[in-house]
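The shown structure was predicted, so the numbers you read here are calculated from the model rather than taken from an experiment. Note: hydrogens, waters and symmetry copies are ignored here, and every other heavy atom, side chains too, is used.
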Amino acid sequence: MLDLPVSAAWRHVDASDGFEVVFPGPQGDEPRFDGHVTAVEGGQPWALSYSIALDPAWRSRGARIVSRSAMGTRELELVAELTRVFGRVG
């Protein structure tokens, strides 16, 4: 795996006002990015966490996203299929 920093963080300043942090690292021999976002957009606070899995050649294998706002909690999982097109699980 490339020599990546153990974490990165940045502020959202345009569409939303918030903060994001990501932790890159391997899961076995495959790269993975786990991150969290908290922000306010249009006066409404929201948060989400994500995990993005890549194969050893850095191609997307899948992603899992969990978001929370006043509207409730939502979860989304995407998986790469052999055609390399993302499909929604569930």
Side-chain angles (χ1 to χ4, degrees):
M1 191 163 125
L2 292 176
D3 197 15
L4 297 173
V6 295
S7 64
W10 58 95
R11 184 169 174 225
H12 293 204
V13 294
D14 290 324
S16 64
D17 183 24
F19 190 79
E20 184 163 353
V21 62
V22 65
F23 299 93
Q27 181 158 354
D29 63 345
E30 299 180 346
R32 179 182 195 92
F33 293 86
D34 295 308
H36 306 275
V37 182
T38 58
V40 176
E41 188 171 345
Q44 300 297 314
W46 57 270
L48 68 82
S49 62
Y50 59 86
S51 183
I52 302 169
L54 307 172
D55 70 13
W58 287 75
R59 294 177 296 229
S60 300
R61 294 192 47 155
R64 182 168 190 274
I65 302 102
V66 178
S67 66
R68 183 161 188 182
S69 70
M71 296 174 60
T73 301
R74 304 182 111 186
E75 294 184 37
L76 176 65
E77 184 174 355
L78 301 171
V79 294
E81 298 176 357
L82 293 177
T83 59
R84 304 243 332 112
V85 175
F86 277 106
R88 184 175 179 165
V89 175

> Side-chain heavy atoms nearer than 4.5 Å, only ILVMFWY residues, links allowed to pass through others: does that put Y50 and F23 together?
no

> Any chance you could measure T38, atom OG1, to R68, atom CZ, to the nearest 0.5 Å?
13.5 Å

> Looking only at heavy atoms, what is the nearest atom pair of A15 and E41, with distance?
O-CG, 3.3 Å

> With a 4.5 Å cut-off on side-chain heavy atoms, are R32 and D34 touching?
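Sidechains of R32 and D34: in contact.
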
> Looking at every non-hydrogen atom in both residues, tell me the closest pair between E30 and L54 and how far apart they are.
CB-O, 3.2 Å

> Quick one: CZ on R61 to CD1 on I52, what's the gap to the nearest 0.5 Å?
14.0 Å

> Taking a hydrophobic cluster as the set of Ile, Leu, Val, Met, Phe, Trp and Tyr residues connected by side-chain heavy atoms closer than 4.5 Å, whether directly or through intermediates, do V66 and F33 fall within one such cluster?
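Different clusters: V66 never reaches F33 through Ile, Leu, Val, Met, Phe, Trp or Tyr contacts under 4.5 Å.
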
> To the nearest 0.5 Å, tell me how far S51 OG sits from R64 CZ.
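Going from OG on S51 over to CZ on R64, the span is 8.5 Å.
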
> Given side chains that start at C-beta, do those of W58 and P31 come closer than 4.5 Å, heavy atoms only?
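A side-chain contact under 4.5 Å exists here.
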
> If Ile, Leu, Val, Met, Phe, Trp and Tyr residues are connected whenever their side-chain heavy atoms lie under 4.5 Å apart, and connections chain through other members, are V37 and W10 in the same group?
yes

> Does L4 share a hydrophobic cluster with V22, counting links as ILVMFWY side-chain heavy atoms below 4.5 Å and allowing steps through other members?
yes

> Please find the pair of heavy atoms, one from S60 and one from A80, that lie closest to each other, and give the distance.
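The answer is O-CB, 3.4 Å.
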
